[in-house]
There are 2 protein chains.
Amino acid sequence: MTATDATATHTLADGIRSAGLKVTAQRLAVLYALADSPHASAERVFAAVHAGLPGTSLQAVYGVLAAFTSAGLVRRIEPAGSAALFERRVGDNHHHLVCTGCDAVHDVDCVVGEAPCLTPADARGFAVASAEVTFWGLCPSCRTEPATP
Amino acid sequence: MTATDATATHTLADGIRSAGLKVTAQRLAVLYALADSPHASAERVFAAVHAGLPGTSLQAVYGVLAAFTSAGLVRRIEPAGSAALFERRVGDNHHHLVCTGCDAVHDVDCVVGEAPCLTPADARGFAVASAEVTFWGLCPSCRTEPATP
DNA sequence: CAGTTGTCTTGACTAATTCAAGATAAGGAA
DNA sequence: TTCCTTATCTTGAATTAGTCAAGACAACTG
């Protein structure tokens with residue numbers, strides 16, 4: 001681990017701590033894994049974490065992700081048809097672009113201008129707290145190639 | 001069944017037939033069930049269908065819903081945290097308002113004006129085909145009452 | 001450095017959905 | 001109308017994603 005990594009680790013640890021959670025190797029590893037794959041499933045995070053910390057269980061990863069999610073350290077998204085994905089980019093109400101060919105997920109900033117997405121034409125008396133937008137389409141490589149699984 | 005119902009059944013049957021599918025009692029029952037509960041889970045549709053056609057299996061309902069979905073007769077939505085829901089309102093790219101208190105789902109017409117929701121700020125090279133917007137909030141009754149499960 | 005409390009491991013369990021094989025019924029042809 | 005073909009439905013098992021619970025263990029507090 002380089003000095004930069006050490007600093008990064010320190011920052012991550014502070015983040016975890018200031019969320020009122022204990023800092024553990026598994027938790028740091030989960031955050032690292034999400035830095036590598038910004039939209040990873042629990043299974044995928046587990047694979048990454050397990051590579052570095054072989055004793056880690058899948059349930060631990062589910063537990064860490066649940067704790068982080070409720071602490072607001074990570075955000076959980078559930079594109080239709082896929083398992084839940086987790087990302088570290090939180091607090092900015094951004095949206096997602098999902099490739100129907102290869103399931104790749106990319107972030108997109110909030111739609112046109114401010115947050116028109118927060119104002120449905122008719123809220124039917126609901127107190128709208130948030131809006132989630134998912135754009136479905138083909139990513140650049142799937143547009144050209146027939147199919148890239 | 002009244003004359004009106006008979007006409008409705010006829011219309012439903014035509015819809016099924018023109019989608020290239022065979023008309024069966026189960027399929028009509030599924031469409032009726034979705035008319036009653038416009039955002040129903042497979043389990044809920046099954047309950048309704050089974051009430052009228054006791055021999056019907058849950059798998060048949062899953063099969064019918066899958067066939068209808070791929071034929072474009074019904075639309076499948078998957079709000080995060082819930083099972084898949086099915087609705088008969090198709091072809092108009094409308095969106096949904098989901099109550100975080102009681103899980104009620106309501107339709108909302110496309111956001112502000114035309115379809116700004118189809119234009120992400122930066123599409124990152126994707127060929128965007130559709131956009132799905134989910135508004136999360138509290139429905140009128142959950143706004144007043146503490147919790148209505 | 002020891003105690004307390006939160007976290008992790010192990011293992012079982014549930015919910016939602018899918019797959020497969022055979023029985024059955026719908027729609028077209030004779 | 002009756003038969004034939006093919007789609008659909010039934011039964012039963014399997015899979016995937018995720019949750020729950022009990023005890024072992026490790027992180028922070030004092």
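All chains are named by letter (A, B, ...) in the order of the sequence lines, taking the proteins before the strands, and each is independently numbered beginning at 1. Values below: every heavy atom of this structure, side chains too, minus hydrogens, waters and symmetry copies.
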Quick test: give all pairs of protein nitrogen or oxygen and nucleotides 5-7 of chain C nitrogen or oxygen below 3.5 Å, distance rounded to 0.1 Å.
from: C:dT5; atom 1: O2; to: A:K22; atom 2: NZ; distance (Å): 3.0
from: C:dG6; atom 1: O4'; to: A:K22; atom 2: NZ; distance (Å): 3.2
from: C:dT7; atom 1: OP1; to: A:K22; atom 2: N; distance (Å): 3.3
from: C:dT7; atom 1: OP1; to: A:R27; atom 2: NH1; distance (Å): 2.7
from: C:dT7; atom 1: OP1; to: A:R27; atom 2: NH2; distance (Å): 3.3
from: C:dT7; atom 1: O5'; to: A:R27; atom 2: NH2; distance (Å): 3.2

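For A:R44, the salt bridge (charged side-chain N to carboxylate O under 4.0 Å, His left out) criterion is met by no residue, not counting sequence neighbours. In this structure A:A19 satisfies the side chain to side chain contact (heavy atoms under 4.5 Å, CB included) test together with A:L21, A:A71, A:L73, sequence neighbours excluded. Among residues two or more places apart in sequence or in another chain, the salt bridge (charged side-chain N to carboxylate O under 4.0 Å, His left out) test is passed with A:E43 by none. Applying the side chain to side chain contact (heavy atoms under 4.5 Å, CB included) criterion to A:V30, with sequence neighbours excluded, gives A:L34, A:V45, A:V49, A:V64, A:L65, A:F68. With sequence neighbours excluded, the residues forming a salt bridge (charged side-chain N to carboxylate O under 4.0 Å, His left out) with B:R89 are B:D92, B:D107, B:D109, listed by chain and number. A:F86 is linked by a ring-ring contact (aromatic ring centres under 6.0 Å, His included) to nothing, counting only residues two or more places apart in sequence or in another chain. Scored by the ring-ring contact (aromatic ring centres under 6.0 Å, His included) test, B:F46 finds B:H50 as partners (sequence neighbours excluded).
A:W136 belongs to a hydrophobic cluster whose remaining members, ordered by chain and number, are A:I77, A:L85, A:V98, A:V105; membership requires side-chain heavy atoms of ILVMFWY residues under 4.5 Å apart, directly or through intermediates.
At a non-hydrogen distance threshold of 4.0 Å, B:G55, B:T56, B:S57, B:Q59 from residues 34-59 of chain B come into contact with DNA chain D.
Nucleotides of DNA chain D with any atom under 4.0 Å from a heavy atom of chain B span, from 5' to 3', D:dT6 to D:dA13.
Taking five base pairs at each end of the helix from C:dC1-D:dG30 to C:dA30-D:dT1, the local helix axes there meet at an angle of 30°, rounded to 10°.
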